[in-house]
Amino acid sequence: MMIRSHQNGQLLLPILGVMFLFGLFWVTYVFWCRTVYWKMKMDVAADAAALSAARQQATILNNVATIQTLENPFLPEVEGYGIMDVSMKGDFEGLNQVLQTYKGTFAVQVPLIAQIVAKSNGGNLPIFPTVDGSLAENTDPQLEPHEVKVLYVADGWFPVGGNTYPEAYYTRRWSENITQAQPTHKSYWVVCHDSICGQGRARLWLDVDPSSAINNGGFPSPKASLIRSIGIQCFYPQFNARLLPKK
């Protein structure tokens, strides 16, 4: 009887050891599967957030370019000097205020869209830029206010005063020396679920035939020629977005 109990005791310890190792393996396997799952999910979420934010960048630039093009009937302008019928002053200033307000939403809307998309795809922490990007780069429209000095006239020719509009419209800061320029805007974001993170990168491009003679990069350059400085030229506001390859 004592011999049998001793034999049972000898078997118990190896069995417990095997069970412990199996349990450890199972916990490790489950943890590994969870990590792989969330890593894949965060990579997809980061791509979705980056692309959505870039598309929002493109939408705002397209709309800003369209709005300021609509200013042309009110403000015939050449290289910072313009003439305006005084009866159009109120309409121009109203449209110009819409332009400035909408352009000002760029820095708010872009990260907001990225955060909403990240949360919708499983992210549970605030998004932040990648190491090769920055919040300033991700939220900068790269547009520079262009000042125009205006002479008001009545009855088509009689001068009745003037004004200076410091933000009459916007010129681009990217590739100022290139006429048919492509935008350099970044949309580089990190999305995390707890400690598991994914990185997504997207950028803008101007979806216009590069050989087009009137293509001017979507926005006028501050260094544009005299011909390209007549009026507010935005050819063409067709900005789009695309994902960049994973590093």
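Values below: every heavy atom of this structure, side chains too, minus hydrogens, waters and symmetry copies.
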If Ile, Leu, Val, Met, Phe, Trp and Tyr residues are connected whenever their side-chain heavy atoms lie under 4.5 Å apart, and connections chain through other members, are V110 and I116 in the same group? no
Heavy-atom pair of closest approach, residues V148 and G82: CG1-N, 3.9 Å
Are any side-chain N or O atoms of R228 and backbone N or O atoms of S221, one a donor and one an acceptor, separated by less than 3.5 Å? no
Taking D132's backbone N and O only, do any of them form a donor-acceptor pair with K186's side chain (distance below 3.5 Å, no angle check)? yes
Any side-chain to backbone donor/acceptor pair from R201 onto L244? Under 3.5 Å, distance only. no
With distance as the sole test, does R203 use its side chain to make a donor-acceptor pair with the main-chain N or O of P183 at under 3.5 Å? yes
Working to the nearest 0.5 angstrom, can you tell me the gap between Q142 CD and S175 OG? 9.0 Å
Determine whether L99 and V150 fall in the same hydrophobic cluster, where Ile, Leu, Val, Met, Phe, Trp and Tyr are linked whenever their side-chain heavy atoms lie under 4.5 Å apart. yes
Distance-only, no hydrogens or angles: does the Q57 side chain make a donor-acceptor pair with backbone N or O of P141 under 3.5 Å? no
Determine whether E144 and P222 make a side-chain contact, defined as any pair of heavy atoms from C-beta on separated by less than 4.5 Å. no
Quick check for you: to the nearest 0.5 Å, what is the distance between D43 atom CG and N121 atom CG? 12.0 Å
Minimum heavy-atom distance between G200 and A46, given as atom pair plus value: N-CB, 3.3 Å
Scanning both residues in full, the closest heavy-atom pair of C234 with P220 reads SG-CD, 3.8 Å
Any heavy-atom pair between the side chains of W174 and H185 that's under 4.5 Å? yes
Any side-chain hydrogen bond (donor to acceptor under 3.5 Å, both in side chains) involving residues 229-246? Give me the pairs, sequence neighbours left out, ordered by first then second residue. D47-K246
Dump the intermediate steps for side chain to side chain donor-acceptor pair (under 3.5 Å) on D194 and N124, then the final yes or no. CA-CA 7 Å; D194 297 336; N124 62 357; 2.9 Å; yes
Below 4.5 Å, heavy atoms only, C-beta onward: do I67 and L95 meet side chain to side chain? yes
Do I232 and H146 have side chains that get closer than 4.5 Å, going by heavy atoms? no
To the nearest 0.5 Å, what is the distance between CZ (R172) and OG1 (T184)? 10.0 Å
With a sphere of 6.0 Å drawn around CZ of R55, does it hold more than 12 non-hydrogen atoms of other residues, nucleotides or ligands? no
Within this structure, what is the OG1-CZ distance for the pair T69 and F219, rounded to the nearest 0.5 Å? 8.0 Å
Decide yes or no for F31 and V36: does some side-chain heavy atom of the first lie under 4.5 Å from some side-chain heavy atom of the second? no
Evaluate R34 against I196 for side chain to side chain contact (heavy atoms under 4.5 Å, CB included), listing each step before the verdict. CA-CA 10 Å; R34 177 186 177 278; I196 303 172; 3.9 Å; yes
Heavy-atom closest pair, residues V190 and P129: CG2-O, 3.9 Å
Does any N or O in the side chain of T164 come within less than 3.5 Å of the main-chain N or O of K149, such that one atom is a donor and the other an acceptor? no
Taking side-chain hydrogen bond (donor to acceptor under 3.5 Å, both in side chains) as the cut-off, I'd like each qualifying pair that reaches into residues 86-96, sequence neighbours left out, listed once. E71-N96, D85-S87, K89-E93, E93-Y165, N96-Q100
With a 4.5 Å limit on heavy-atom distance, are the side chains of N163 and M84 in contact? no
Scanning both residues in full, the closest heavy-atom pair of P145 with P166 reads CB-O, 3.7 Å
Heavy-atom side-chain contact between P126 and Q115 under 4.5 Å: yes
When rounded to the nearest 0.5 Å, the distance separating CG of L135 from CZ of F128 is 12.0 Å
Y152 reachable from W157 in the ILVMFWY side-chain graph, under 4.5 Å edges: yes
Would a single hydrophobic cluster contain both F235 and L70, if residues Ile, Leu, Val, Met, Phe, Trp and Tyr are joined by side-chain heavy-atom contacts under 4.5 Å? yes
Rounded at 0.5 Å granularity, tell me how far OH in Y102 sits from CD1 in I60. 5.0 Å
How far apart are the closest heavy atoms of P159 and L151, and which atoms are they? CB-CD1, 4.2 Å
Is any side-chain heavy atom of V153 less than 4.5 Å from a side-chain heavy atom of F158? no
Among the clusters formed by ILVMFWY side chains lying less than 4.5 Å apart, do Y81 and L75 turn up in the same one? no
